Amino acid sequence: MPEEPVGHGHGHPETTPDTDWRAELRAKGYRLTPQRELILGAIDELGHATPEEVLAHVKTQVSSVNASTVYRTLEVLEDLGLVRHAHLSDRAPTYHSVAGHEHFHLKCRTCGEVVSVDVEVASALTDRLRSDHGFVVDTGHLTVFGQCQACTAT
């Protein structure tokens with residue numbers, strides 16, 4: 001699968017607004033509260049977002065939602081397997097929906113660009129870690145830091 005550039009504020013083309021996370025939430029015994037729906041919707045729309053970015057997005061629709069609600073809800077949604085997080089900086093984690101393809105991230109330390117990469121690209125490494133060490137990599141949390149092609153060319 002080809003690399004797909006992403007950044008804050010850009011959704012995934014493979015994530016659709018009608019993603020069936022509502023049914024999954026109910027099937028796992030959780031109520032679909034308006035706050036949960038707003039926060040899941042924000043993650044779907046934003047693609048990759050920090051809790052602060054989710055909060056800012058949700059506040060454009062409902063001003064009464066606060067930061068603690070966003071943080072608690074993101075934790076519940078991750079426990080349920082509906083969202084994942086990655087550390088793309090030394091600040092807050094960045095959350096994304098699991099509705100799209102499984103991927104890991106490349107983060108340019110110079111310009112800040114983030115690229116989503118299909119997990120198959122790392123299969124040689126993850127296979128070797130499994131065979132040599134019995135270690136199963138959680139690739140969805142993986143972020144590789146370095147320099148992008150544009151920054152290494154200058």
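The shown structure was predicted, so the numbers you read here are calculated from the model rather than taken from an experiment.
- Distance alone, capped at 3.5 Å, is enough to place a donor-acceptor pair between the Thr143 side chain and the His87 backbone.
- A side-chain donor-acceptor contact under 3.5 Å links Gln147 and Thr110.
- Minimum interatomic distance between Val58 and Leu38 (heavy atoms only, all atoms of both residues): CG2-O, 3.9 Å.
- Using a 4.5 Å heavy-atom threshold, the side chains of Arg84 and Glu102 count as touching.
- A continuous path of Ile, Leu, Val, Met, Phe, Trp and Tyr side chains, each step under 4.5 Å between heavy atoms, connects Val62 with Val54, placing both in one hydrophobic cluster.
- The shortest distance between side-chain heavy atoms of Leu106 and Val114 does not fall below 4.5 Å.
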Walk me through it: do Leu40 and Val83 pass the test side chain to side chain contact (heavy atoms under 4.5 Å, CB included)?
-> CA-CA 8 Å; Leu40 276 167; Val83 299; 4.1 Å; yes
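- Judged by distance alone, the side chain of Ser131 and the main-chain N or O of Arg128 form a donor-acceptor pair under 3.5 Å.
- From Tyr95, atom OH reaches atom CD1 of Ile43 across 8.5 Å, with rounding to the nearest 0.5 Å.
- What you find for Phe104 and Leu142 is that their closest heavy atoms are CB-O, 3.4 Å.
- No donor-acceptor pair closer than 3.5 Å links the side chain of Asp118 to the backbone N or O of Val121.
- To the nearest 0.5 Å, the span separating CD on Glu113 from SG on Cys151 amounts to 8.0 Å.
- Residues Leu88 and Phe145 share a closest heavy-atom pair of O-CE2, 3.6 Å.
- The side-chain heavy atoms of Thr69 and Leu55, taken from C-beta on, include no pair separated by under 4.5 Å.
- At distances below 3.5 Å, at least one donor-acceptor pair connects side-chain atoms of Glu53 with backbone N or O atoms of Thr50.
- Looking only at atom types and distance, the side chain of Tyr71 has a donor-acceptor partner in the side chain of Glu52 under 3.5 Å away.
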Between His105 and His48, does a side chain to side chain contact (heavy atoms under 4.5 Å, CB included) hold up when you go through it step by step?
-> CA-CA 11 Å; His105 304 94; His48 290 80; 2.9 Å; yes
Would you please test Cys148 and Lys107 for side chain to side chain contact (heavy atoms under 4.5 Å, CB included) and show each step?
-> CA-CA 8 Å; Cys148 69; Lys107 169 79 183 234; over 6 Å; no
Show every donor-acceptor pair shorter than 3.5 Å between a side-chain atom in residues 75-82 and any protein atom, with sequence neighbours excluded, or say none if there are none.
unit_1	atom_1	unit_2	atom_2	d
Glu78	OE1	His85	ND1	3.0
Glu78	OE2	His85	N	3.2
Glu78	OE2	His85	ND1	2.7

